[in-house]
Amino acid sequence: SVRGFHWHETDGEFESVSCIPAPDGTADEVYAIVKRTINNTATRYVEYLKNGLPLNIPGNLTKAQMLTYLIKNCWFLDCAKKYSFDEATDAITGLSHLEGKTVAILADGKVQANKTVVSGAITLDTAANIVLVGLPYETIIELMPRNIDLQNGTGQARSQRINQIVCRLYRSGNFKYSWDGTNWHDAEVKGDNDLTLKSGDLVLNWGASNTEVKLNSDDIVNATGARMIFKQDKPLPICFVAFFPQIEVSNG
């Protein structure tokens with residue numbers, strides 16, 4: 001008896017949406033009619049939401065092999081298309097539905113530089129066997145303000161400082177964090193050549209995050225102190241299980 005909703009944006013317009021059973025009957029899938037402008041022409045596509053990480057994982061894999069399989073087959077792009085080649089290639093065609101668009105690329109589990117689709121094709125920086133190409137998007141998460149109880153009253157409307165945050169992750173890639181929503185810092189959970197995903201705790205030193213209270217309607221979220229903002233702008237998964245911030249609060 002739980003219901004929920006979620007806001008989705010795209011490079012175009014959602015004209016119709018419906019939730020229907022998947023062909024194999026194991027789940028429901030969200031389908032939409034999306035109108036996009038391609039080559040200055042309004043074009044409509046039938047699209048559906050894909051699971052970000054594959055659900056059907058081969059059962060004979062070791063833990064390391066499973067994580068490699070997940071990152072090579074993850075799906076975190078919009079209006080995307082997946083390619084599987086027997087031999088590695090750098091020539092990707094069949095992208096006329098994204099003509100003229102800047103696309104993000106995940107090739108064999110590694111993020112490559114964005115490309116612009118010309119004549120329905122792009123050329124990869126490095127040849128790959130499993131390639132996902134689609135429109136990039138940003139996922140931004142800002143935590144709710146903390147109400148910290150103090151001996152002499154509430155911690156609301158007082159200056160706050162975050163020294164560090166322990167982020168508990170589940171199957172996550174690199175991401176960014178910020179305390180003002182403008183300046184972003186890299187949180188690296190894996191090396192560039194490490195085809196794996198992070199599950200466990202990651203300590204982030206929050207640095208110069210002292211936040212003065214700003215009691216105004218334009219920045220109401222900041223009225224209760226220090227902010228914790230996270231962003232994923234790459235075609236990689238990010239899943240936060242919990243946050244454990246170390247916060248200092250002024251006496252007045």
Side-chain angles (χ1 to χ4, degrees), residues 8-14 32-54 56-58 61 64-140 171-176 184-198 231-238:
H8 294 271
E9 296 180 353
T10 190
D11 180 20
E13 301 176 27
F14 291 105
I33 302 296
V34 184
K35 183 174 73 173
R36 304 183 186 279
T37 302
I38 306 296
N39 280 337
N40 297 319
T41 302
T43 308
R44 290 171 173 82
Y45 301 98
V46 178
E47 304 178 17
Y48 75 99
L49 297 184
K50 176 78 173 176
N51 289 317
L53 291 174
N56 298 321
I57 303 173
L61 302 180
Q65 290 172 333
M66 178 193 69
L67 293 175
T68 298
Y69 177 86
L70 287 174
I71 197 170
K72 283 187 175 183
N73 292 277
C74 67
W75 198 293
F76 291 95
L77 289 171
D78 190 15
C79 193
K81 190 172 183 179
K82 181 181 177 182
Y83 299 82
S84 296
F85 304 104
D86 293 331
E87 297 184 4
T89 181
D90 63 356
I92 306 297
T93 59
L95 294 170
S96 58
H97 66 296
L98 294 174
E99 182 67 28
K101 300 291 185 180
T102 298
V103 294
I105 303 160
L106 186 71
D108 283 344
K110 299 179 182 179
V111 179
Q112 294 197 11
N114 290 359
K115 304 291 183 182
T116 300
V117 178
V118 178
S119 299
I122 60 172
T123 301
L124 303 180
D125 294 334
T126 304
N129 294 91
I130 300 176
V131 182
L132 188 75
V133 181
L135 298 173
Y137 65 88
E138 292 184 348
T139 298
I140 297 179
R171 293 181 179 177
S172 298
N174 296 341
F175 60 95
K176 292 182 172 63
W184 294 94
H185 309 270
D186 292 323
E188 295 189 0
V189 302
K190 68 181 192 66
D192 291 337
N193 297 316
D194 187 9
L195 294 180
T196 188
L197 298 173
K198 169 76 172 180
K231 177 170 69 174
Q232 178 59 279
D233 57 1
K234 297 180 179 179
L236 293 172
I238 181 67

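From a predicted model like this one, the values you see are computed outputs, not experimental measurements.
- Using modelled atom types, no side-chain atom of E138 and backbone atom of K234 make a donor-acceptor pair closer than 3.5 Å.
- A donor-acceptor contact shorter than 3.5 Å is absent between the side chain of E13 and the backbone of R36.
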Next on the checklist: Quick one, L124 with K115, criterion side chain to side chain contact (heavy atoms under 4.5 Å, CB included). Give me CA distance, side-chain angles, the key distance, then yes/no.
Outcome noted: CA-CA 8 Å; L124 303 180; K115 304 291 183 182; 6.0 Å; no
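- G173 and L197 make their closest contact through N-CD2, 4.1 Å (heavy atoms, listed as atom of the first residue, atom of the second, distance).
- In summary, D78 and K101 do not engage in a salt bridge, as defined by a charged side-chain N under 4.0 Å from a carboxylate O.
- With hydrogens and angles ignored, the 3.5 Å screen pairs no side-chain donor or acceptor of D186 with any backbone N or O of K176.
- Here CG of L236 is found 11.5 Å from OG1 of T139. Values are rounded to the nearest 0.5 Å.
- Between P54 and L70 there is a side-chain heavy-atom pair separated by less than 4.5 Å.
- Residues L77 and G134 come closest through the heavy atom pair CD1-N, 3.5 Å.
- Across every non-hydrogen atom of G120 and E99, the tightest pair is N-OE1, 2.6 Å.
- Contact annotation: the side chain of K81 never approaches that of V133 to less than 4.5 Å [non-hydrogen atoms, C-beta and beyond].
- The NE2 atom of H97 sits 7.0 Å away from the OH atom of Y45 when rounded to the nearest 0.5 Å.
- With hydrogens and angles disregarded, a donor-acceptor distance shorter than 3.5 Å links the side chain of Q112 to the backbone of T126.
- Rounding to the nearest 0.5 angstrom, the gap separating the CG atom in D11 from the OH atom in Y137 is 14.5 Å.
- Atom CD1 of I71 sits about 10.0 Å away from atom NZ of K110, to the nearest 0.5 Å.
- Among all heavy-atom pairs drawn from C79 and L135, the shortest one is CB-CD1, 4.1 Å.
- At most 12 non-hydrogen atoms from other residues, nucleotides or ligands lie less than 6.0 angstrom from CG of N56.
- Side-chain atoms of E47 never come within 3.5 Å of backbone atoms of A32 as a donor-acceptor pair (strictly under, hydrogens ignored).
- A cation-pi geometry, defined here as NZ or CZ lying under 6.0 Å from the six-membered ring centre and within 45° of its normal, holds between K50 and W75.
- Using a 4.5 Å cut-off on side-chain heavy atoms (C-beta onward), P136 and D233 make no contact.
- Annotation for Q232 and F175: closest pair NE2-CB, 4.2 Å, computed over non-hydrogen atoms.
- The main-chain N or O of N129 is found under 3.5 Å from a side-chain atom of D108 such that the two form a donor-acceptor pair.
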Item to check | C74 vs L106, side chain to side chain contact (heavy atoms under 4.5 Å, CB included): CA-CA, chis, key distance, verdict | outcome: CA-CA 9 Å; C74 67; L106 186 71; 3.4 Å; yes
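- Side-chain contact, N73 with K82: a donor N or O sits under 3.5 Å from an acceptor N or O.
- In this structure, CD1 in I57 is found 5.5 Å from CE in M66, a value given to the nearest 0.5 Å.
- Although no hydrogens or angles enter the test, the distance criterion places a donor-acceptor pair under 3.5 Å between the side chain of T89 and the main chain of A91.
- K72 and I130 get closest at one heavy-atom pair: O-CG2, 3.3 Å.
- Two residues are said to be in side-chain contact when any heavy atoms from C-beta on lie closer than 4.5 Å; I105 and L132 fail this criterion.
- Interatomic distance, Y83 OH to T93 OG1, rounded to the nearest 0.5 Å: 6.0 Å.
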